[in-house]
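Here the structure is a predicted model, which means the values were calculated and not measured.
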Amino acid sequence: MDVPEVLSRFVPRFDTLFLGVKETDPEALTETDHLLGWLLRVLQQEDASDAGGLSEALQAALRYLDTLPAAESVQHKNAILYLYHLILFRRPEAEFSMRTYS
């Protein structure tokens with residue numbers, strides 16, 4: 001902010017925490033058992049060359065979502081939407097194309 005020096009002490013300052021999600025130990029993200037940690041574990045796997053790592057992370061996140069109380073239904077809905085968009089917009093189209101079964 002462009003303020004006179006006398007007022008500069010009133011300008012809020014924030015430290016920025018840069019979390020290297022891709023380099024963080026997966027267990028460290030979920031050790032507090034918070035929804036955000038489980039979603040970040042899925043995000044770690046978004047670039048996985050095979051769908052196996054992503055699939056395992058998704059299954060673990062969905063298992064966690066099943067434990068959320070009914071009072072947190074909005075968080076549940078938003079998490080599902082986030083996971084859906086992550087897959088839809090960040091993974092190869094071949095992974096989510098319609099399949100026909102006989």
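Between the CG atom of Leu43 and the CZ atom of Arg90 there is a distance of 7.0 Å, given to the nearest 0.5 Å. From Leu36, atom CG reaches atom OG1 of Thr30 across 11.5 Å, with rounding to the nearest 0.5 Å. A distance of 12.0 Å separates CG of Leu39 from CZ of Arg41, quoted to the nearest 0.5 Å.
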side-chain contact (heavy atoms from CB on, under 4.5 Å) between Arg91 and Gln45, intermediate numbers included:
CA-CA 10 Å; Arg91 295 295 297 175; Gln45 297 296 321; over 6 Å; no
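For Glu31 against Ala28, the heavy-atom pair with the smallest separation is CG-O, 3.5 Å.
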Side-chain donor/acceptor pairs under 3.5 Å, residues 75-86, sequence neighbours excluded:
unit_1, atom_1, unit_2, atom_2, d
Asn78, ND2, Val74, O, 3.4
His85, ND1, Leu81, O, 3.1

Side-chain atoms of residues 56-70: list all donor-acceptor pairs with protein atoms under 3.5 Å, sequence neighbours left out, distances to 0.1 Å.
unit_1, atom_1, unit_2, atom_2, d
Gln59, NE2, Ser55, OG, 3.0
Tyr64, OH, Asp33, O, 2.9
Thr67, OG1, Tyr64, O, 2.5

Do any side-chain atoms of residues 15-23 form donor-acceptor pairs under 3.5 angstrom with protein atoms, and if so which ones, sequence neighbours left out?
unit_1, atom_1, unit_2, atom_2, d
Lys22, NZ, Glu46, OE2, 3.0
Lys22, NZ, Asp47, OD2, 3.0

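Within the 3.5 Å criterion, the main-chain N or O of Thr24 finds a donor-acceptor partner in the side chain of Gln44.
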